[in-house]
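The basis for the numbers below is simple: all heavy atoms, side chains too, and nothing from hydrogens, waters or symmetry mates. As the structure is a computational prediction, the values presented were derived from the model and not from experiment. Here is how names work: the chains are called A, B, and so on, in the same order as the sequence lines, proteins then strands, and each is numbered from 1.
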Protein chains: 2
Amino acid sequence: MATIKDVALKAGVTVTTVSRVMNNRGYLSEKTKEKVHQAMEALDYHPSEVARSLAQKQTTLLGVIVPSLLHPYYNEVINALENHASLLGLKLLVCNAQRNAQKEAEYIDMLKANKVAGIILCTQSRNSVRSLINLPVVTLERSISPSVPAVLCDNEMGGRIAAEHLLSRGCKNLVMIQGGRSSEERVQGFTRTCEEDSVSFHVVHASKRQFHQLDYADLINTLFTDSPAIDGVFASSDVIAAQVIQICHKRGLCVPEDVKVIGFDDVDLARLLSPALSTIHQPIEELCAHAIQTIVRWEDTEKQSRTILPVHLVQRSST
Amino acid sequence: MATIKDVALKAGVTVTTVSRVMNNRGYLSEKTKEKVHQAMEALDYHPSEVARSLAQKQTTLLGVIVPSLLHPYYNEVINALENHASLLGLKLLVCNAQRNAQKEAEYIDMLKANKVAGIILCTQSRNSVRSLINLPVVTLERSISPSVPAVLCDNEMGGRIAAEHLLSRGCKNLVMIQGGRSSEERVQGFTRTCEEDSVSFHVVHASKRQFHQLDYADLINTLFTDSPAIDGVFASSDVIAAQVIQICHKRGLCVPEDVKVIGFDDVDLARLLSPALSTIHQPIEELCAHAIQTIVRWEDTEKQSRTILPVHLVQRSST
DNA sequence: TGATGTATGTCAAGCGGTTGACATATTTTG
DNA sequence: CAAAATATGTCAACCGCTTGACATACATCA
């Protein structure tokens, strides 16, 4: 591999000059630039990012820590992050903490040792906060500390919209299934709306294990057995909603005729289900874009900020 | 941030010694090791991976280039790769070429400039082959050149199994929907099996655009309109199968009573559909593990190798 | 004319590790 | 007891790029 020295030699200048033309700083004559460029071309020179990073004490790597890579929500997050990152010349280093606080801590150390430009945290453990000082970090759909900027969607509003929608579709007996990932705000929005309308409702919480395996079948079956009158289900994620639909099918309940189902997230899965799932759309693209901006403009960002982006209903065929 | 010098100073030894204890090479007395470890502890020292990489001319980064981050198949691939990589102390750099040969080439250059330990290629453009020389590269479910080792699943066998299964379930009019991603071998396996059994069948190919948007609705609708006698569909990916099921629902066809549907990949989506999808299971974990081994043991690997891993049927409720 | 500013480059010290070559004990061995 | 083996460390040159400090050489200005 050709190095900057080879280029300098070939172009008849010093490495400083070569570096200058690469980074376009200082005064350079067109002639010099030309010479250097030709030498680079001739040698098929590609500057080492590693050396550059060492000299600059910073890389163009962006770390993302997610609690799972199997949940479609995080897949879409990674997709969006990668898109925006690559536009800015940043590269995504993907870390799967697997809902394990220790793994998360290890990943944070690793990212620091790799001098990443910033970290986007989608995990929940608060105990890593102190190791995050002096490092551009933003949490996505999470809020772990007032000193770490957070980007979230309007979860409470999402819960409200979901409840209102089910009610407007004529449901009388609502239930919300709250999976591990989602925030308490969704529950609150749902609960408050139901209370305001004094409609019959309840909320069931999935266990961590169920979340981990993304398998809520037992929970849902129990639910329908215990409360056969249910005619509207708000699932706190599309994955849960998918399983609600499955189980309705199995139990001979028609969706949406007998039971209406609404999800949350609006991941691709939602449109692939039969019937296609009505759901609360999370602005994943915008969330991710904002998160990356926060990292990139770290100096200007208000460290205590909480950015909340609006959600909206996407009605399909399940309600 | 403390550096190796600070540690050396504090421990009363030279940087060489510190480096030695970090890398556990040469003779070290327990006493020295202890001193050094204490100094590290006291300074909360974390060696810079960047500096280390520069000195060793290699990083512990592993590049993955996929054609899409929205397709669930690649999500599962990334999940599996991350798992195996992290076990070996490797980090995943995720690149989304978006089925764009130029982007792919740019990513390859970027990965080279970042001195990655290796690249796992899930994309198809063959024109990048020459820029891949002298670099540990393996293609996953792809084969772009005899000189680049490939890890694939037994696609032809998958096609056979799918066809045989549909036939064994009593289907008389088969169709295969071939999406952009999948290999020609699947078609061959399917076709040959049908021919051997002299059963009525045909194959339709999706356009690149449809693949890109993961939206095959038009294609499938046309298919059912043109050939109403279809009673068995083999979709070359679970995503396509999901849409087949949707459209059957909409057209009032029952799955599996009227039409049996089988997919390929066995991504998580398959078990979430209603009815749950029968599909050909790809051993993603094994494929990825093997791909990473190929990179890690590059010196020992046969560059011309093609590793083909077996697939098997997972029968659920759609057939 | 001398000060000032602009244009074009060079020097060399980092950045934070790694490592081959050496030096100096301390043991072991024949 | 001298040679060989083992143990414990140090020196300093690299890895490839960045950058502040410093030359020069002209033009321009007052």
* **Earlier contact from the 5' end, DNA chain D, for B/Lys33 and A/Ala55** =>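 The residue mapped nearer the 5' terminus is B/Lys33.
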* Classify the side-chain pair A/Ser147/A/Ser145 by whether it contains a donor and acceptor separated by less than 3.5 Å. => yes
* Is the closest side-chain donor-acceptor distance between A/Glu141 and A/Asn155 under 3.5 Å? -> yes
* Asked: After noting the C-alpha distance and the side-chain angles of B/Val66 and B/His71, does the key distance pass the side-chain contact (heavy atoms from CB on, under 4.5 Å) rule?
  -> CA-CA 10 Å; B/Val66 297; B/His71 199 294; over 6 Å; no
Minimum-distance nucleotide to [X] side chain [options: [options]]:
X       : options                : answer
B/Arg20 : C/dA21, C/dT10, C/dG16 : C/dA21
A/Tyr27 : C/dT18, C/dT6, C/dG16  : C/dT6
B/Ala51 : C/dT10, D/dT18, C/dG17 : C/dG17
A/Ser19 : D/dG20, D/dA12, D/dT18 : D/dT18
A/Val15 : C/dA12, C/dT19, D/dG16 : C/dA12
B/Ser48 : C/dT18, D/dT18, C/dG16 : C/dG16
A/Thr16 : D/dT10, D/dT19, C/dT19 : D/dT19

* When all nucleic acid strands are considered with a 4.0 Å heavy-atom cut-off, which category describes B/Val18: base, sugar-phosphate, or nothing? -> nothing
* So what does B/Thr17 hit on the nucleic acid, given a heavy-atom distance under 4.0 Å: a base, only sugar-phosphate, or nothing? ->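 Base, at least one base heavy atom under 4.0 Å.
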* Nearest atoms (heavy-atom pairs only) where A/Tyr45 meets A/Thr3 ->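 Residues A/Tyr45 and A/Thr3, closest heavy atoms: CE1-C, 3.5 Å.
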* **Given B/Val36, B/Val13, B/Thr17, the one that forms side-chain contact (heavy atoms from CB on, under 4.5 Å) with B/Leu28** =>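 Filter result, single survivor: B/Thr17.
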* Does C/dG9 have OP1 or OP2 sitting under 4.0 Å from an N or O in the side chain of A/Ser29? ->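 Checking A/Ser29 against C/dG9: at least one side-chain N or O falls below 4.0 Å of OP1 or OP2.
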* Asked: Phosphate oxygens OP1/OP2 of C/dG16: is one of them under 4.0 Å from a side-chain N or O of B/Thr3?
  -> no
Rounded interatomic separation in angstrom, taking [atom1] from [X] and [atom2] from [N]:
X       : N      : atom1 : atom2 : value
A/Ile4  : C/dT10 : CD1   : C1'   : 13 Å
B/Met22 : C/dT18 : CE    : P     : 4 Å
B/Gln56 : C/dT19 : CD    : C1'   : 10 Å
B/Leu28 : D/dT10 : CG    : C1'   : 13 Å

